[in-house]
*Asks:* 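The structure follows.
Throughout, numbering of the chain's residues begins at 1 and tracks the sequence. Here the structure is a predicted model, which means the values were calculated and not measured.
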Amino acid sequence: MTVDEQQLHTITVTEARNVAQPFQLYLERQKLYAHATFACRNSRLSDGMTEEWIVRVQGKEYGPVDIETLREWKMEGRLLPANEARPIDVGLWTTAAEIPGLFESADVPVAPVASRLVKMPLQPRRSFGEILIETFRIYRKGFLRFLGLTLLIAVPSLCAQLTSFTLSPSPNMEMDFRTLAAAGFSFCMMLLSLAAWPIFIAGIQILTADLAAGHSVKMFSLLQNALKLWPRVAVLCILVYGAYFFWTVLPVGVILMIALAGPSVLFFFLALLVLAFQVWIVGRLFINFLFWQQFAVLERSDAGNALHQSKELARSRRNFPWFRRPMWRGVFIASIWFAFVFAINIGSEWHSIQHYLHELTTSQDPKALIQALTTTSKPQALNLVGFSLGLAQTLLRPLLGIAFVLLYFESKIDIEP
């Protein structure tokens, strides 16, 4: 059974003639909606044909597709109950929740969006440039909330840095109560910044997914939901960053031991071999950990499953051109961010770099070289330019997380454009 076109025309004309009767128009519109819903639930095409549907998300229409395809989109999280839908033989839009046999009553969310698993709705496949453009759009749209998340880790870190500048350690400095209190405060601020890091990570994932899906969430609700994920994200932070730290420090320690053994061509090539192994293992860790934050927060996966699913998704799309695979797109995003950070920090670190290069080119004794490179330099006064550039880097840090969330959603799309 389909909606009677004559009845639709009659109601439309009635609407146009009765602008001054909003309540009556409301009742007529409700009757029309109920009629269309009944048609959606009971309409069928001619015998032997499969019923097909069209869905509309953010103004774009997809379809017609059969119910099996809709179920696949539902399982992948790209079709939500609130998305508009209609059969191909019905002109009035309802919602995907009204499609018979697609969403059960338990599937229709009733809680606020911030308390649910956040999924990206159906969307066309994005190019790499479109992902970057969307990253800046989402950052601009939710700037104040991203700023609030950033301040959670930035304020304690800045307090620790400013306190360390006031200490001005010198060989003749006495360890009085003021100095001990300042050192203790700086250490506590550093611990507070580390403790807030899992909240920052979880908040970036949730807020980005909500904004990308066209939803909004209050800052208090965002922090509340991010705090619930603190134990899981904290454990994964220890595992992921601990792995990076171990496979960075261990090869460097081996190289230093080789250098202390004395100059030798064999030792030189052995150090290069260890360095190459370090680059290889860190690269593999980066690929395997590419989407651990998204699976831990958006999918609510435990530590083991989050790391396993991250590895599988990062290595997916092997039949695609290399520049469209998640792995290489993640490399491009990280490279852009690292180049930006390097460009910001190169000015403040230039004197130290010059000192290291001078020692490497002039020193003949390996032991003297290591001692010169590891000697603590004299503390410098607060550099306002370097401090401002570091603050800008901190404020823009959410861009990296936003880009990886969008890459995660785009990588899970299995339909061709």
Side-chain angles (χ1 to χ4, degrees), residues 128-168 185-212 219 222-223 226 233 237 240-241 244 286 293-294 329-356 377 379-408:
F128 182 75
E130 290 172 338
I131 292 177
L132 297 182
I133 294 174
E134 182 70 5
T135 297
F136 284 96
R137 187 192 71 82
I138 291 177
Y139 180 73
R140 178 183 58 82
K141 184 177 180 180
F143 174 75
L144 293 179
R145 281 162 289 181
F146 285 118
L147 177 62
L149 291 172
T150 305
L151 292 179
L152 290 177
I153 59 174
V155 171
S157 178
L158 291 176
C159 290
Q161 294 181 33
L162 294 176
T163 304
S164 64
F165 281 115
T166 61
L167 293 177
S168 301
F185 176 79
S186 178
F187 180 73
C188 291
M189 289 296 100
M190 183 187 67
L191 293 181
L192 182 60
S193 179
L194 292 176
W197 187 258
I199 301 177
F200 170 77
I201 291 177
I204 292 295
Q205 315 303 308
I206 297 173
L207 180 55
T208 301
D210 275 304
L211 295 177
M219 189 65 188
L222 175 64
L223 293 176
V233 178
C237 283
V240 172
Y241 299 138
Y244 279 121
F286 173 80
Q293 298 179 7
Q294 289 73 48
R329 286 188 169 184
V331 171
F332 292 153
I333 292 174
S335 299
I336 293 174
W337 175 254
F338 291 148
F340 169 74
V341 173
F342 178 79
I344 283 184
N345 294 330
I346 188 65
S348 58
E349 300 293 336
W350 180 245
H351 293 292
S352 299
I353 295 175
Q354 283 184 319
H355 170 71
Y356 292 150
S377 59
Q380 299 178 355
L382 177 63
N383 186 346
L384 292 180
V385 176
F387 180 80
S388 300
L389 291 176
L391 183 60
Q393 173 190 333
T394 302
L395 294 178
L396 294 177
R397 185 175 294 158
L399 288 171
L400 181 63
I402 297 171
F404 272 99
V405 172
L406 296 178
L407 177 61
Y408 160 78

*Asks:* Would you confirm whether Ser193, through its side chain, and Met189, through its main-chain N or O, come within 3.5 Å as a donor-acceptor pair?
*Replies:* no
*Asks:* If you draw a 6.0 Å radius around CZ in Phe187, do more than 12 non-hydrogen atoms from other residues or ligands fall strictly inside?
*Replies:* no
*Asks:* Anything under 30° is parallel, anything over 60° is perpendicular, the rest tilted; go ahead and classify Phe340 against Trp337.
*Replies:* tilted
*Asks:* Working to the nearest 0.5 angstrom, can you tell me the gap between Thr394 OG1 and Leu147 CG?
*Replies:* 11.0 Å
*Asks:* Starting from the C-alpha separation in whole Å, work towards a yes-or-no answer on side chain to side chain contact (heavy atoms under 4.5 Å, CB included) for Leu222 and Leu149.
*Replies:* CA-CA 9 Å; Leu222 175 64; Leu149 291 172; 4.0 Å; yes
*Asks:* Determine, stepwise, if the pair Gln393 / Val341 fulfils side chain to side chain contact (heavy atoms under 4.5 Å, CB included).
*Replies:* CA-CA 7 Å; Gln393 173 190 333; Val341 173; 3.7 Å; yes
*Asks:* Could you give the distance from CD1 (Ile402) to CG (Leu132), rounded to the nearest 0.5 Å?
*Replies:* 12.0 Å
*Asks:* Give the C-alpha distance, both sets of side-chain angles, the deciding distance and a yes or no for side chain to side chain contact (heavy atoms under 4.5 Å, CB included) between Phe128 and Ile333.
*Replies:* CA-CA 9 Å; Phe128 182 75; Ile333 292 174; 3.6 Å; yes
*Asks:* Can you confirm whether Tyr244 is buried at OH, in the sense that more than 12 heavy atoms of other residues, nucleotides or ligands lie under 6.0 Å from that atom?
*Replies:* yes
*Asks:* Distance-only, no hydrogens or angles: does the Ser157 side chain make a donor-acceptor pair with backbone N or O of Ile153 under 3.5 Å?
*Replies:* no
*Asks:* Please tell me if the side chains of Thr135 and Leu400 come closer than 4.5 Å, counting only heavy atoms from C-beta onward.
*Replies:* no
*Asks:* Does some side-chain heavy atom of Ile138 sit less than 4.5 Å from a side-chain heavy atom of Phe146?
*Replies:* yes
*Asks:* Between Tyr139 and Leu396, does the side chain to side chain contact (heavy atoms under 4.5 Å, CB included) criterion hold? Intermediate values first, please.
*Replies:* CA-CA 9 Å; Tyr139 180 73; Leu396 294 177; 4.0 Å; yes
